[in-house]
Amino acid sequence: MARHKKTENYNKHETRYFKERNLQGNQIKMSVQSNESEVILTHPDDSSCSTTILKYGATVISWKLKGDEQLWLSSGAKLDGSKPVRGGIPLVFPVFGKNASDELLSKLPQHGLARNSTWEFLGQTKSNPPTVQFALYPEIANQEMTALWPVDFSLILTVELGLEHLKTSIEVNNPSKTDSLKFNWLFHSYFRIEDVEGAFVSNLVGMKVYDQLLKETYVDKHPVITIHEEKDLIYQNVDDDRIIQIVNKGVALHTIKRINLPDAVVWNPWIEKSKSMGDFEPKSGYQHMICVEPGHVHDFITLEPGQSWKAAQLLDKTSIAFQRVEL
Ligand SMILES: O=P(O)(O)OC[C@H]1O[C@@H](O)[C@H](O)[C@@H](O)[C@@H]1O
């Protein structure tokens with residue numbers, strides 16, 4: 001039995017169209033299409049703005065603004081539910097990376113179970129900007145993994161497509177009457193860029209960072225982060241008002257805003273790591289992508305029975321912004 005009320009009746013064997021009406025009541029362009037495996041949102045005021053969400057992992061696999069793809073998706077990504085998607089915006093829950101210390105979380109694979117589970121499509125909640133919701137809870141999550149982590153939880157993901165933004169919001173609820181819920185959350189966003197070596201990530205200067213490759217924590221004093229080798233950096237407790245940007249040739253290509261997400265991972269696998277990932281294609285793809293991943297990963301969030309937690313990632317087109325820093 002679904003725990004979440006669907007906002008529209010939805011027959012999973014049919015493609016269903018949700019139509020917009022203009023002021024005269026005439027039916028106009030459809031903004032949400034759903035089929036068995038994916039949901040596609042198209043902006044009613046500009047059909048060149050769209051996003052596609054795979055029900056497997058509730059993974060955003062495409063986001064187009066004025067027809068330009070914003071996200072990087074491996075050409076070798078599996079979209080058939082056989083493994084998490086390499087690219088787009090996979091969702092990381094309840095654990096970031098591979099946990100070694102927690103009795104239950106350590107049994108889960110790297111990055112948890114949300115990206116390995118097929119989510120329930122709840123329907124459309126707003127017509128403009130088109131907004132949809134997905135849910136995940138133990139009864140429908142990947143059963144091999146819930147057997148390893150027998151914990152009650154309920155997740156609602158909201159995806160909103162603006163004319164100039166994509167907002168992904170998460171609500172985590174602890175429905176248990178007796179047990180607490182301990183978790184990490186992360187939006188593992190893969191951004192598309194023309195040439196990673198010509199780009200930089202801004203506005204993280206002065207932040208404490210854990211370098212996963214060096215296994216060291218330090219304060220990053222670099223004014224910007226450039227990528228000329230493998231990088232795997234976890235910035236911790238980044239000030240709420242820091243707007244992280246991916247800048248290329250003097251233009252802010254991507255702006256990443258975090259709501260209740262204190263951490264940000266910056267990752268590029270570079271040459272050798274890309275070769276070791278079977279689903280990372282083409283192998284030269286590391287030159288055209290960078291992951292900037294807002295999350296809560298440097299420690300765990302704990303929800304007591306009945307409590308909930310909300311956070312969001314907002315991707316938009318803010319012009320270049322260098323923020324003043326007191327070091
Ligand atoms: O190969 P996965 O499980 O999708 O992980 C990709 C990368 O995800 C990043 O978030 C981690 O910081 C990296 O350490 C990891 O390699």
Side-chain angles (χ1 to χ4, degrees), residues 54 56-61 71-100 105-117 142 144-145 148-149 168 170 183-192 196 201 204 207-218 220 225 227 229-238 244 246 254 256 258 261-283 285-286 288-300 311 313:
L54 196 69
Y56 185 72
T59 316
V60 174
I61 53 169
L71 302 175
W72 184 84
L73 179 65
S74 162
S75 59
K78 299 279 180 252
L79 303 179
D80 59 0
S82 57
K83 65 182 296 185
V85 177
R86 176 71 61 202
I89 312 180
L91 304 175
V92 170
F93 170 90
V95 65
F96 170 74
K98 186 76 188 99
N99 179 277
L105 289 169
S106 59
K107 297 191 175 147
L108 284 172
Q110 159 130 324
H111 294 343
L113 54 70
R115 64 178 189 165
N116 311 64
S117 299
N142 184 311
E144 278 171 35
M145 296 183 191
L148 301 171
W149 185 68
T168 50
I170 188 69
F183 63 96
N184 294 137
W185 180 268
L186 177 109
F187 292 104
H188 198 309
S189 311
Y190 288 73
F191 296 95
R192 187 185 174 108
V196 77
V201 180
L204 285 166
M207 292 295 111
K208 191 167 158 188
V209 61
Y210 177 68
D211 186 322
Q212 298 229 76
L213 304 172
L214 299 176
K215 309 250 173 285
E216 274 177 18
T217 301
Y218 54 91
D220 195 349
I225 305 157
I227 312 282
E229 60 188 342
E230 183 181 354
K231 293 271 179 187
D232 195 348
L233 302 166
I234 307 174
Y235 288 84
Q236 304 175 4
N237 284 320
V238 179
I244 305 171
I246 301 169
H254 304 285
I256 299 116
R258 298 159 295 113
L261 294 171
D263 307 323
V265 177
V266 175
W267 179 64
N268 181 289
W270 207 249
I271 301 165
E272 292 308 318
K273 176 103 182 170
S274 302
K275 283 190 199 156
S276 73
M277 293 185 283
D279 59 352
F280 194 100
E281 293 289 348
K283 291 301 172 205
Y286 71 90
H288 308 295
M289 56 73 68
I290 185 165
C291 285
V292 176
E293 313 162 27
H296 191 130
V297 296
H298 79 278
D299 61 9
F300 289 102
Q313 163 184 266

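Order of appearance sets the numbers: ligands from 1, and atoms from 1 within every ligand.
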the protein heavy atom lying closest to atom 10 (O) of ligand 1 turns out to be E293 OE1, 2.7 Å

L113 and P94 have their tightest heavy-atom pair at N-CD, 3.9 Å

Original post:
Taking the six-membered ring for Trp, are W149 and F93 parallel (under 30°), tilted (30 to 60°) or perpendicular (over 60°)?
Top reply: perpendicular

Between E230 and K273 the two heavy atoms that sit nearest each other are OE2-CD, 3.8 Å

So the atoms of ligand 1 within less than 4.0 Å of a heavy atom of F96 turn out to be 10 (O), 12 (O)

Practice task
Describe, in one word, how the ring planes of H188 and W267 are oriented to each other, choosing from parallel (under 30°), tilted (30 to 60°) and perpendicular (over 60°).
Solution key: perpendicular

Between F191 and V292, the two heavy atoms sitting closest are CE1-O, 3.5 Å

Numbered in order shown, the ligand 1 atoms found under 4.0 Å of a heavy atom of K273 are 16 (O)

among protein heavy atoms, the one nearest atom 15 (C) of ligand 1 is Q110 NE2, 3.8 Å

shortest atom 1 (O) of ligand 1-to-protein heavy-atom contact is with R86 NH2, 3.0 Å

closest protein heavy atom to atom 13 (C) of ligand 1 is D232 OD2, 3.1 Å

### Message
Can you confirm whether M289 sits close enough to P269 that some side-chain heavy atom of one is under 4.5 Å from a side-chain heavy atom of the other?
### Response
yes

Nearest heavy atom to atom 9 (C) of ligand 1, choosing from R115, K98, H188, belongs to H188

